[in-house]
Amino acid sequence: MPIATPEVYGEMIDRAKAGKFAYPAVNITSSQTITAALRGFAEAESDGIIQVSVGGAEYGSGATVKDRIAGSLALAAYATEVAKGYPVNIAIHTDHCVKENLDSWVKPLLAIEAEQVKNGQNPTFQSHMYDGSTVPLDENLVISAELLELSQAARTILEIEVGVVGGEEDGHEAEINEKLYTTPEDGLATVRALGAGEKGRYLTALTFGNVHGVYKPGAVKLRPSILAEIQKAVGAEIGKENPFDLVFHGGSGSTEAEIAEAVDNGVIKMNIDTDTQYAFSRPVADHFFKNYDGVLKVDGEVGNKKAYDPRAWGKLAEAGMAARILEACQQLRSAGTKMK
(Lines give C-alpha, C1' and ligand atoms only; values in the text may rest on other atoms or scores of the structure.)
Protein backbone atom coordinates (compact mmCIF):
# COMPACT_ATOMS: atom_id res chain seq x y z
CA MET A 1 0.00 0.00 0.00
CA PRO A 2 1.17 3.57 -0.42
CA ILE A 3 2.22 5.64 2.56
CA ALA A 4 -0.82 6.69 4.62
CA THR A 5 -2.65 9.81 3.53
CA PRO A 6 -3.62 12.34 6.23
CA GLU A 7 -7.11 10.82 6.24
CA VAL A 8 -5.82 7.27 6.58
CA TYR A 9 -3.43 8.30 9.37
CA GLY A 10 -6.30 9.91 11.26
CA GLU A 11 -8.34 6.74 10.84
CA MET A 12 -5.42 4.64 12.07
CA ILE A 13 -5.30 6.67 15.27
CA ASP A 14 -9.08 6.55 15.73
CA ARG A 15 -9.12 2.76 15.27
CA ALA A 16 -6.29 2.28 17.77
CA LYS A 17 -7.99 4.39 20.39
CA ALA A 18 -11.39 2.73 19.93
CA GLY A 19 -9.87 -0.75 19.85
CA LYS A 20 -7.45 -0.16 22.74
CA PHE A 21 -4.30 -0.99 20.84
CA ALA A 22 -1.22 1.00 19.87
CA TYR A 23 1.20 1.16 16.97
CA PRO A 24 4.92 0.62 17.40
CA ALA A 25 6.78 3.70 16.16
CA VAL A 26 10.11 2.39 14.90
CA ASN A 27 13.14 4.62 14.48
CA ILE A 28 14.84 4.14 11.13
CA THR A 29 18.25 5.35 9.91
CA SER A 30 18.74 3.71 6.52
CA SER A 31 17.02 2.01 3.62
CA GLN A 32 17.71 -1.36 5.26
CA THR A 33 16.09 -0.44 8.57
CA ILE A 34 13.08 0.94 6.68
CA THR A 35 12.74 -2.37 4.82
CA ALA A 36 13.06 -4.28 8.10
CA ALA A 37 10.32 -2.17 9.67
CA LEU A 38 7.98 -2.63 6.70
CA ARG A 39 8.59 -6.38 6.79
CA GLY A 40 7.91 -6.54 10.53
CA PHE A 41 4.61 -4.68 10.23
CA ALA A 42 3.55 -6.79 7.25
CA GLU A 43 4.34 -10.05 9.06
CA ALA A 44 2.33 -8.82 12.04
CA GLU A 45 -0.52 -7.72 9.76
CA SER A 46 -0.35 -4.38 11.53
CA ASP A 47 -0.31 -0.84 10.23
CA GLY A 48 2.50 1.16 11.77
CA ILE A 49 4.71 4.20 12.09
CA ILE A 50 8.32 4.70 11.11
CA GLN A 51 10.17 7.72 12.41
CA VAL A 52 13.44 9.52 11.95
CA SER A 53 15.33 11.52 14.59
CA VAL A 54 17.55 14.49 13.79
CA GLY A 55 20.62 12.28 14.10
CA GLY A 56 19.00 9.62 11.94
CA ALA A 57 18.12 12.24 9.33
CA GLU A 58 21.69 13.54 9.26
CA TYR A 59 23.00 10.00 8.93
CA GLY A 60 20.55 9.40 6.12
CA SER A 61 22.19 12.14 4.05
CA GLY A 62 25.64 10.62 4.55
CA ALA A 63 27.88 10.55 7.61
CA THR A 64 30.14 13.28 6.16
CA VAL A 65 27.31 15.49 4.86
CA LYS A 66 24.89 15.54 7.82
CA ASP A 67 22.11 17.45 6.04
CA ARG A 68 19.06 16.83 8.18
CA ILE A 69 16.58 18.11 5.60
CA ALA A 70 18.06 16.13 2.70
CA GLY A 71 18.34 13.02 4.86
CA SER A 72 14.73 13.30 6.05
CA LEU A 73 13.41 13.69 2.52
CA ALA A 74 15.64 10.92 1.16
CA LEU A 75 14.56 8.39 3.79
CA ALA A 76 10.91 9.37 3.30
CA ALA A 77 11.24 9.03 -0.47
CA TYR A 78 12.68 5.52 -0.13
CA ALA A 79 9.93 4.52 2.29
CA THR A 80 7.24 6.00 0.04
CA GLU A 81 8.40 3.95 -2.93
CA VAL A 82 9.17 0.66 -1.18
CA ALA A 83 6.05 0.68 1.02
CA LYS A 84 3.96 0.07 -2.11
CA GLY A 85 5.12 -3.54 -1.98
CA TYR A 86 3.84 -4.23 1.55
CA PRO A 87 0.14 -4.77 2.41
CA VAL A 88 -0.01 -2.39 5.38
CA ASN A 89 -0.48 1.34 5.96
CA ILE A 90 2.61 3.18 7.17
CA ALA A 91 2.88 6.72 8.51
CA ILE A 92 6.19 8.60 8.47
CA HIS A 93 7.06 10.78 11.46
CA THR A 94 9.93 12.98 12.67
CA ASP A 95 10.96 12.26 16.25
CA HIS A 96 12.20 14.42 19.14
CA CYS A 97 12.87 17.82 17.64
CA VAL A 98 14.02 20.05 20.50
CA LYS A 99 13.59 23.83 20.40
CA GLU A 100 17.06 24.59 19.04
CA ASN A 101 16.47 22.32 16.03
CA LEU A 102 13.06 23.64 15.00
CA ASP A 103 14.31 26.31 12.59
CA SER A 104 16.76 23.97 10.88
CA TRP A 105 14.60 20.87 10.69
CA VAL A 106 10.88 20.62 11.45
CA LYS A 107 9.83 24.13 10.41
CA PRO A 108 11.49 23.83 6.96
CA LEU A 109 9.83 20.43 6.50
CA LEU A 110 6.45 21.90 7.45
CA ALA A 111 7.02 24.71 4.94
CA ILE A 112 7.78 22.17 2.20
CA GLU A 113 4.66 20.22 3.12
CA ALA A 114 2.45 23.33 3.19
CA GLU A 115 3.60 24.02 -0.38
CA GLN A 116 2.83 20.43 -1.35
CA VAL A 117 -0.67 20.80 0.05
CA LYS A 118 -1.18 24.06 -1.88
CA ASN A 119 -0.29 22.13 -5.03
CA GLY A 120 -2.87 19.45 -4.30
CA GLN A 121 -0.38 16.85 -3.02
CA ASN A 122 -0.15 14.95 0.22
CA PRO A 123 2.58 15.96 2.68
CA THR A 124 5.79 13.94 2.71
CA PHE A 125 5.51 13.26 6.46
CA GLN A 126 2.30 12.56 8.31
CA SER A 127 3.38 13.92 11.69
CA HIS A 128 6.19 15.76 13.43
CA MET A 129 7.22 15.78 17.07
CA TYR A 130 8.25 18.87 18.98
CA ASP A 131 10.08 17.95 22.18
CA GLY A 132 9.49 20.88 24.52
CA SER A 133 10.75 19.09 27.61
CA THR A 134 13.88 21.26 27.68
CA VAL A 135 11.92 24.50 28.30
CA PRO A 136 9.36 25.58 30.94
CA LEU A 137 5.83 24.31 30.32
CA ASP A 138 4.43 27.78 29.52
CA GLU A 139 7.02 28.31 26.80
CA ASN A 140 6.58 24.73 25.59
CA LEU A 141 2.86 25.30 25.04
CA VAL A 142 3.33 28.67 23.30
CA ILE A 143 5.69 27.05 20.80
CA SER A 144 3.38 24.04 20.48
CA ALA A 145 0.45 26.32 19.63
CA GLU A 146 2.50 27.97 16.87
CA LEU A 147 3.53 24.58 15.48
CA LEU A 148 -0.03 23.30 15.64
CA GLU A 149 -1.10 26.13 13.35
CA LEU A 150 1.72 25.33 10.92
CA SER A 151 0.75 21.66 11.07
CA GLN A 152 -2.79 22.51 10.07
CA ALA A 153 -1.53 24.19 6.90
CA ALA A 154 0.65 21.16 6.13
CA ARG A 155 -2.14 18.64 6.87
CA THR A 156 0.11 16.91 9.39
CA ILE A 157 -0.39 15.93 13.02
CA LEU A 158 1.75 17.46 15.74
CA GLU A 159 3.19 15.41 18.58
CA ILE A 160 4.20 17.23 21.75
CA GLU A 161 5.86 16.20 25.00
CA VAL A 162 4.55 17.37 28.37
CA GLY A 163 6.97 16.25 31.04
CA VAL A 164 10.51 14.92 30.77
CA VAL A 165 11.70 11.55 29.48
CA GLY A 166 14.89 10.54 31.25
CA GLY A 167 18.05 9.05 29.80
CA GLU A 168 19.77 9.93 26.54
CA GLU A 169 18.21 10.25 23.09
CA ASP A 170 20.14 11.52 20.09
CA GLY A 171 22.45 13.75 22.13
CA HIS A 172 19.77 15.13 24.48
CA GLU A 173 20.06 13.87 28.06
CA ALA A 174 17.70 14.26 31.02
CA GLU A 175 18.13 13.22 34.63
CA ILE A 176 16.07 10.44 36.19
CA ASN A 177 14.13 12.29 38.91
CA GLU A 178 10.64 13.48 39.93
CA LYS A 179 10.32 15.56 36.73
CA LEU A 180 9.71 12.30 34.87
CA TYR A 181 6.07 12.34 36.02
CA THR A 182 3.53 14.63 34.32
CA THR A 183 0.79 15.98 36.59
CA PRO A 184 -2.96 16.50 36.00
CA GLU A 185 -2.29 20.24 36.22
CA ASP A 186 0.14 19.91 33.31
CA GLY A 187 -2.53 18.09 31.32
CA LEU A 188 -5.11 20.78 32.03
CA ALA A 189 -2.67 23.50 30.98
CA THR A 190 -2.09 21.62 27.74
CA VAL A 191 -5.73 21.33 26.73
CA ARG A 192 -6.39 24.95 27.67
CA ALA A 193 -3.56 26.08 25.39
CA LEU A 194 -3.99 23.69 22.47
CA GLY A 195 -7.66 22.75 22.63
CA ALA A 196 -9.13 19.29 22.25
CA GLY A 197 -8.87 18.96 18.48
CA GLU A 198 -10.75 22.05 17.35
CA LYS A 199 -7.43 23.86 16.74
CA GLY A 200 -5.87 20.86 15.03
CA ARG A 201 -5.12 17.28 16.01
CA TYR A 202 -2.12 16.55 18.18
CA LEU A 203 -0.62 13.58 19.98
CA THR A 204 0.58 14.01 23.55
CA ALA A 205 3.56 12.28 25.15
CA LEU A 206 2.82 12.44 28.88
CA THR A 207 5.58 11.06 31.06
CA PHE A 208 5.07 8.46 33.75
CA GLY A 209 8.67 7.57 34.61
CA ASN A 210 9.74 6.92 31.03
CA VAL A 211 13.46 6.63 30.32
CA HIS A 212 15.17 6.23 26.97
CA GLY A 213 17.34 3.15 26.59
CA VAL A 214 17.07 -0.16 28.42
CA TYR A 215 17.57 -0.63 32.14
CA LYS A 216 17.58 -3.66 34.38
CA PRO A 217 14.29 -4.43 36.18
CA GLY A 218 13.73 -2.10 39.12
CA ALA A 219 16.03 0.66 37.86
CA VAL A 220 13.13 2.64 36.38
CA LYS A 221 9.74 3.03 38.05
CA LEU A 222 6.96 3.34 35.48
CA ARG A 223 3.56 4.49 36.76
CA PRO A 224 1.07 4.11 33.87
CA SER A 225 -1.76 4.92 36.28
CA ILE A 226 -0.70 8.57 35.95
CA LEU A 227 -2.10 8.52 32.41
CA ALA A 228 -5.54 7.51 33.68
CA GLU A 229 -5.44 10.27 36.32
CA ILE A 230 -4.63 12.92 33.73
CA GLN A 231 -7.19 11.64 31.21
CA LYS A 232 -9.85 11.72 33.95
CA ALA A 233 -9.00 15.24 35.14
CA VAL A 234 -8.89 16.72 31.65
CA GLY A 235 -11.93 14.74 30.52
CA ALA A 236 -13.96 16.10 33.44
CA GLU A 237 -13.11 19.67 32.44
CA ILE A 238 -13.96 19.36 28.75
CA GLY A 239 -16.65 16.68 28.92
CA LYS A 240 -14.84 14.05 26.88
CA GLU A 241 -13.68 10.59 27.88
CA ASN A 242 -9.96 9.92 27.40
CA PRO A 243 -9.40 13.21 25.54
CA PHE A 244 -5.70 12.75 24.79
CA ASP A 245 -4.20 10.59 22.04
CA LEU A 246 -1.18 9.44 24.04
CA VAL A 247 2.35 8.44 23.11
CA PHE A 248 4.60 6.16 25.18
CA HIS A 249 8.22 7.29 24.89
CA GLY A 250 11.13 5.18 26.10
CA GLY A 251 9.18 2.00 25.43
CA SER A 252 12.17 -0.31 24.95
CA GLY A 253 12.59 -2.75 27.82
CA SER A 254 9.11 -2.23 29.30
CA THR A 255 7.20 -5.18 30.75
CA GLU A 256 4.07 -6.53 29.08
CA ALA A 257 1.98 -5.46 32.10
CA GLU A 258 3.27 -1.88 31.90
CA ILE A 259 2.60 -1.74 28.18
CA ALA A 260 -0.91 -3.14 28.60
CA GLU A 261 -1.84 -0.63 31.30
CA ALA A 262 -0.50 2.28 29.25
CA VAL A 263 -2.52 1.20 26.21
CA ASP A 264 -5.65 0.75 28.34
CA ASN A 265 -5.18 4.37 29.45
CA GLY A 266 -5.12 5.83 25.93
CA VAL A 267 -1.66 5.20 24.43
CA ILE A 268 -1.96 4.77 20.65
CA LYS A 269 1.76 5.01 19.74
CA MET A 270 4.80 3.55 21.48
CA ASN A 271 8.32 4.44 20.44
CA ILE A 272 10.84 1.60 20.21
CA ASP A 273 14.42 2.19 19.15
CA THR A 274 16.94 0.61 21.51
CA ASP A 275 15.37 -2.84 21.23
CA THR A 276 15.17 -2.72 17.44
CA GLN A 277 18.75 -1.47 17.17
CA TYR A 278 19.92 -4.51 19.10
CA ALA A 279 17.65 -6.84 17.14
CA PHE A 280 19.18 -5.50 13.92
CA SER A 281 22.80 -5.72 15.11
CA ARG A 282 22.76 -9.02 17.01
CA PRO A 283 22.44 -11.34 13.98
CA VAL A 284 25.25 -9.43 12.26
CA ALA A 285 27.56 -9.98 15.22
CA ASP A 286 26.65 -13.66 15.21
CA HIS A 287 27.41 -13.95 11.50
CA PHE A 288 30.78 -12.21 11.81
CA PHE A 289 31.90 -14.24 14.81
CA LYS A 290 30.89 -17.54 13.23
CA ASN A 291 32.37 -16.67 9.84
CA TYR A 292 35.38 -14.60 10.91
CA ASP A 293 37.71 -16.43 8.54
CA GLY A 294 35.30 -15.67 5.68
CA VAL A 295 34.61 -12.02 6.39
CA LEU A 296 38.29 -11.38 7.18
CA LYS A 297 41.32 -12.10 5.03
CA VAL A 298 43.07 -14.13 7.74
CA ASP A 299 46.72 -15.20 7.41
CA GLY A 300 47.04 -14.02 3.84
CA GLU A 301 43.93 -15.83 2.61
CA VAL A 302 41.31 -14.18 0.44
CA GLY A 303 38.25 -14.65 2.65
CA ASN A 304 34.85 -15.69 1.37
CA LYS A 305 33.00 -13.16 -0.73
CA LYS A 306 29.69 -14.84 0.04
CA ALA A 307 30.34 -14.29 3.76
CA TYR A 308 31.24 -10.61 3.58
CA ASP A 309 28.74 -9.62 0.87
CA PRO A 310 26.55 -7.01 2.67
CA ARG A 311 23.48 -8.86 1.45
CA ALA A 312 24.51 -11.98 3.38
CA TRP A 313 24.54 -10.35 6.79
CA GLY A 314 22.07 -7.62 5.81
CA LYS A 315 19.31 -10.17 5.30
CA LEU A 316 19.95 -11.51 8.80
CA ALA A 317 19.79 -8.00 10.27
CA GLU A 318 16.53 -7.31 8.47
CA ALA A 319 14.98 -10.55 9.73
CA GLY A 320 16.11 -9.89 13.32
CA MET A 321 14.64 -6.39 13.41
CA ALA A 322 11.43 -7.52 11.72
CA ALA A 323 10.95 -10.24 14.34
CA ARG A 324 11.30 -7.69 17.16
CA ILE A 325 8.70 -5.44 15.52
CA LEU A 326 6.33 -8.39 15.20
CA GLU A 327 6.78 -8.97 18.94
CA ALA A 328 6.04 -5.30 19.65
CA CYS A 329 2.87 -5.43 17.56
CA GLN A 330 1.72 -8.45 19.55
CA GLN A 331 2.45 -6.72 22.86
CA LEU A 332 0.64 -3.56 21.75
CA ARG A 333 -2.31 -5.58 20.36
CA SER A 334 -1.99 -4.08 16.87
CA ALA A 335 -1.13 -7.45 15.29
CA GLY A 336 -3.89 -8.52 12.93
CA THR A 337 -5.63 -5.13 12.96
CA LYS A 338 -4.42 -3.72 9.63
CA MET A 339 -6.92 -1.68 7.66
CA LYS A 340 -8.19 -3.36 4.51
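- Residue Asp47 holds its CG atom at 7.0 Å from CE of Met1, rounded to the nearest 0.5 Å.
- The existence of a salt bridge linking Glu58 and Arg68 is confirmed by a sub-4.0 Å separation between a basic side-chain nitrogen and an acidic carboxylate oxygen.
- In this pair, His128 and Phe125 present their aromatic rings tilted. The plane angle is within the 30 to 60° band.
- With respect to the salt-bridge test (charged N to carboxylate O, under 4.0 angstrom), the residues Arg155 and Glu113 do not qualify.
- Counting only distance, with no hydrogens or angles, the side chain of Lys17 and the backbone of Phe244 share a donor-acceptor pair below 3.5 Å.
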**Prompt:** Would Phe288 and Tyr308 satisfy ring-ring contact (aromatic ring centres under 6.0 Å, His included), going step by step from the backbone distance to the final call?
**Reply:** CA-CA 8 Å; Phe288 274 62; Tyr308 60 74; 9.4 Å; no
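- Ile3 and Leu38 fall within a single hydrophobic cluster, where Ile, Leu, Val, Met, Phe, Trp and Tyr side chains are chained together by heavy-atom contacts under 4.5 Å.
- Comment: Lys199 does not engage Glu149 in a salt bridge, judged by the lack of any side-chain N to carboxylate O separation of less than 4.0 angstrom.
- With hydrogens and angles left out, the side-chain atoms of Asn140 and Ser144 include a donor and acceptor closer than 3.5 Å.
- Counting only N and O atoms by type, the side chains of Gln277 and Thr274 include no donor and acceptor under 3.5 Å apart.
- Checked by atom type, the side-chain pair Thr94/Gln51 shows no donor-acceptor distance below 3.5 Å.
- Taken to the nearest 0.5 Å, the CD1 atom of Ile160 stands 11.0 Å off from the OG atom of Ser151.
- Between Glu241 and Lys232 there is no salt bridge, since none of the side-chain N atoms of the basic residue sits less than 4.0 Å from a carboxylate O of the acidic one.
- Counting only N and O atoms by type, the side chains of Thr207 and Thr182 include a donor and acceptor under 3.5 Å apart.
- Within 6.0 Å of the CD atom in Glu7, the count of heavy atoms belonging to other residues, nucleotides or ligands exceeds 12.
- Both Leu206 and Val135 belong to a common hydrophobic cluster when Ile, Leu, Val, Met, Phe, Trp and Tyr are linked at side-chain heavy-atom distances under 4.5 angstrom.
- Geometrically, Arg223 engages Tyr181 in a cation-pi contact defined by less than 6.0 Å to the ring centre and at most 45° from the axis.
- Looking at Thr276, its side chain never comes within 3.5 Å of a backbone N or O of Met321 through a donor-acceptor pair.
- In this structure, a donor-acceptor pair under 3.5 Å is absent between the side chains of His93 and Gln126.
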**Message:** Walk me through whether Ser30 and Tyr59 qualify under side-chain hydrogen bond (donor to acceptor under 3.5 Å, both in side chains).
**Reply:** CA-CA 8 Å; Ser30 64; Tyr59 183 77; over 6 Å; no
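- Within a 6.0 Å sphere centred on NZ of Lys99, other residues, nucleotides and ligands contribute 12 heavy atoms or fewer.
- With hydrogens and angles disregarded, a donor-acceptor distance shorter than 3.5 Å links the side chain of Lys20 to the backbone of Asp264.
- A salt bridge links Asp245 to Arg201: one of the charged nitrogens lies within less than 4.0 Å of a carboxylate oxygen.
- Looking at Asn27 and Val52, their side chains never come closer than 4.5 Å, going by heavy atoms from C-beta outward.
- Between Asp275 and Arg324 there is a salt bridge, with a side-chain nitrogen of the basic residue lying less than 4.0 Å from a carboxylate oxygen of the acidic one.
- A donor-acceptor contact under 3.5 angstrom links the side chains of Tyr78 and Thr35, judged on distance only.
- No donor-acceptor pair under 3.5 Å is formed between the side chain of Asn101 and the backbone N or O of Cys97.
- Around the OH atom of Tyr278, the shell of radius 6.0 Å holds no more than 12 heavy atoms that belong to other residues, nucleotides or ligands.
- Hydrophobic clustering (ILVMFWY, side-chain heavy atoms < 4.5 Å, transitive): Phe248 and Ile49 are in distinct clusters.
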